[in-house]
Amino acid sequence: MRTVYLDNNATSAVDQSVLTAMLPYLSTLYGNPSSMYAFAGQASDAIDNARESVAALLGAGPDEIIFTSCGSESDNTAFWSAVQTQPEKRHLITTRVEHPAVLNVAQYWERQGYRVTYLGVDNKGRLDMDEYTGALSDDTALVSIMFANNEVGNIYPVQRMAEAAKEKGLLFHTDAVQAVGKTPIDLRHLQADMLSLSGHKIHTPKGIGVLYVRKGVRFRPFLRGGHQESGRRAGTENVPYIIGMGEAARIAAENLQEERMQVANLRDKLETNLIERIPDCIINGDIENRLPNTCNISFKNVEGEAILLMLDRLGICASSGSACTSGSLEPSHVLRAMGVPFNYAHGSIRLSLSRYTTDSDVDYVIEHFPGIIKTLRAISPYKD
Amino acid sequence: MWQYTEAVHDHFLHPHNAGPLDDANAIGEVGSLACGDALKLYLKINKAGVIENTGFETFGCASAIASSSVLTDMVKGMRADDALKITNKDIATALGGLPKQKMHCSVMGQEALEAAIRQWKGEPPVPHALEHGEMVCKCFGVTDAQIIRTMRENGLKTVEEVTNYTKAGGACGECLDKITEIVGKELSLKPLTEIRPKPRMTNVRRMQLVLKTLDEEIRPRLESDGGDIELVDVDGRRVVVSLRGRCSQCRSSDVTIHNLVERLLREHVEPDIIVEEA
Ligand code: FES
C-alpha cells in the first residue's frame, strides 16, 4: 500500500545524506571526542563542523550552540537555568498554547511556588501584545514563547516580544522546534537569549536537540557531570547524531527559501481543494501568519479519531487534536484555548507537509478525503 | 495509537445497521457533541416485545461506532426485557475487548439501549434513581448514582477506572476529589469480592452446564410426557434445541420451549439464555 506521510510536525523522514554523514560514526569512527589521540580527533573535528552548520542556520556563533538529547531537554534546561541564575525572581511568562515540553515545565515551577502567567489567544490562536507587555515585570525570571505552534502552525511575533523583554532586561526563551527549517530564524535580529530546536523535525533520526544560549547570558547546566559542551551539558557526545544534526542544518539552510515556497504551494492546494470539496469545515489558526507546511482543519459533526483511522486505511498519516486520539477526554489544549466550537473541535485534523511531499500525494488525499467525511457524516446523529 | 481488535476494526469500517430506522418505536439518545461522542439508537419492537429491527447514528471515535454497530446486532431478535440485561461489558466482550480508556464507549451503548427500551415502555429515559443522583462531573454530566452503578457492574476499584468508564474527571478534573470520595465510600461499603463481577462463563463451561441441565432436569420431565429433546447448537447465549417424539407434534411446543426449557436453563446455567427451536 502507498504511504502518504503528512505528519511532519510529529516527526519527519530521515534525509538520505544525513544518514550517510552519520554512518561512519556509527561504525568505524567510534572514538570519544574527549580523548587525546588523532583517531578520536576526527570525531571532535566533525562535531565542530556540525556546530558551525547549526550556528549558521540560526545566525548564531558556534560557541552559542549546546547539543542536547531532544527539544524537551532544551526547554527544561532553559527554564532550569533561568530559575537557578536568578533565585530572587519568582515569576514566569508563557502561553496557553505551548507544547507540553514547555507547558508542563512551567506547571512544574508553578507547583514549586512560582507565579506563572499563561498568555491567552484569540480565536485564530493569536497572542495579544498588550496582555503580554502588561505581564512583564521585574520579578519575571523567564519569558518563554513558542516561535511557531505545532498544532495550528501559527508563527508568533517573537522578535517584537523578545525586544519588549529586552527593554526590561528580562530573559527570553523561544521553543523553535516547529519553526526551524520551515521559516527563517536569524538570531542577529531576534533578541532571544535562548532557543530550543529538535533534530527529528528537520530530518535527522530521533534523539538529538539543540539549545542556543546567547553569549554573555548566565547559564546553569541541567545535566551535571563531565565537561562536555564547554561544561554546559554533561554526557559523552552523541557523535553520530550531532553529525546528523549538522548535516540536516546545512541542508535546511541551503534549501529553506525554495522549500518554503514549494511546501506552501502544495499545502495551499491541499487546503483549498479540501475546503471546496467538503462542506462545513474550517481552517484553524492564523491563515496569514503560519508555517508553510501546516494545515489544521476541522470538520463539523465528525470525530477526529474516526477520520484518522479511515485515512490510515488508505495509507495517509495525519494527526488529530480530538479528544479520542490523545487518550484524554477533551480536545487539544490549543484548540480549547482558541475557543474552537466543540462541534468542530472534536473533528480537527492536522496535515503537515515536508520537502518530501509530492504533488501526487496531495492529489491522492484530495481524492479520498471527501468520501471519508461523507461516510462518517452519514452515520452521525448531528446533521446540521 | 490504540490497539483495537479485528472486531472493532470490522464494525467501524463496515458498521452493521447504520443509519436511522424509519419505523422505530424505541429511540434512545445519549451523549452530546460537547462530550465528544453521542449515540442515537433506534429499535423496532413488535407486539410480542421482540426487537425486530435496529439502527443507529453515532458521533464518535472508532470504538464508539463499533460499540453501536455490535450492539444493534446483539439485540436484534431479542426480547426487549432480555435486552435490558445486556451490560456494557457484554458489548465490550462482543468486540473482543476495548482499550480500557475506551470503555466509556460501551457504557454509552448500554445507556442508549436502556433509554430506548424505557421509552418504548413509556418510562422516563433514565431510571429514577440515576436521574436523581447528585451531579458529580459537570464537564460530562455524570451523577454519583451513575458512577456507583458503573462501578458495581464492572467491578471498578480506582478513580482512573471510573474516568475510563464514565469519562467523569477526564476534563477539568475539578470533580476528582468528589470521585475519590465516592470510590472510597463504595469500596469500604462492600468487601471487594462482592463488587467484583461474576467471572464470565466460558463457552465450554456453558455447554457443559446446558448438557447437564438437559439431562438431569429437562429430559426427565419431557420423557414423562413421551417426548424427548436434543441439543442442536450453543451459540453464545443462544441455545438451539429440537423437540422429539410426542413433543415435536405437540402444538404447544413453543410453550414447552419457553416455559420449561428456557426457564430451567436460565435457572441452572445463565439468566440470559435464549432458547430457540431448530
Ligand atoms: S467536572 Fe468532572 S472533569 Fe470537569
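Small disclaimer: the values here were computed from a predicted structure and weren't measured. The analysis underlying the following values was restricted to heavy atoms, covering all of them including side chains, and did not include hydrogens, waters or symmetry mates. Per chain, numbering begins at 1; letters A, B, ... match sequence-line order.
- Residue A:K383 touches chain B through its side chain alone, counting heavy-atom pairs closer than 4.5 Å.
- The contact between B:T163 and chain A is made by backbone and side chain atoms together, counting heavy-atom distances below 4.5 Å.
- Shown here are the side-chain contact (heavy atoms from CB on, under 4.5 Å) partners of A:N9, two or more places apart in sequence or in another chain: A:Q178, A:K182, A:N293, A:T294, A:R350, A:S352.
- For CZ of A:R96, the number of neighbouring non-hydrogen atoms (other residues, nucleotides, ligands) closer than 6.0 Å is 12 at most.
- In the displayed structure, B:D23 atom CG is contacted under 6.0 Å by more than 12 heavy atoms of other residues, nucleotides or ligands.
- One distance of note links CZ of B:F12 with CZ of A:R313; it measures 8.5 Å at 0.5 Å rounding.
- Considering all non-hydrogen atoms of both residues, A:E303 and B:G36 come closest at CG-O, 3.9 Å.
- Crowding of A:K374 atom NZ: a count of heavy atoms from other residues, nucleotides or ligands under 6.0 Å not exceeding 12.
- Between B:T58 atom OG1 and A:L376 atom CG the span is 11.0 Å, to the nearest 0.5 Å.
- Heavy atoms of A:R377 lying under 4.5 Å from chain B are absent altogether.
- Here CG of A:N301 is found 6.5 Å from CZ of B:F59. Values are rounded to the nearest 0.5 Å.
- Remark: B:E161 CD is packed, more than 12 non-hydrogen atoms of other residues, nucleotides or ligands lying under 6.0 Å away.
- The neighbour count for B:K121 NZ, taken as heavy atoms of other residues, nucleotides or ligands under 6.0 Å away, is above 12.
- In the displayed structure, B:K76 atom NZ is contacted under 6.0 Å by more than 12 heavy atoms of other residues, nucleotides or ligands.
- Of the residues considered (B:S32, B:G31, B:G169), B:S32 shows the highest number of contacts with chain A, using heavy-atom pairs under 4.5 Å.
- Residues A:A306 and B:G60 share a closest heavy-atom pair of CB-O, 3.6 Å.
- Only the backbone of B:C172 comes within less than 4.5 Å of a heavy atom of chain A; no side-chain atom from C-beta onward does.
- For A:E305 (side chain) and B:A62 (main-chain N/O), a donor-acceptor pair under 3.5 Å exists by modelled atom type.
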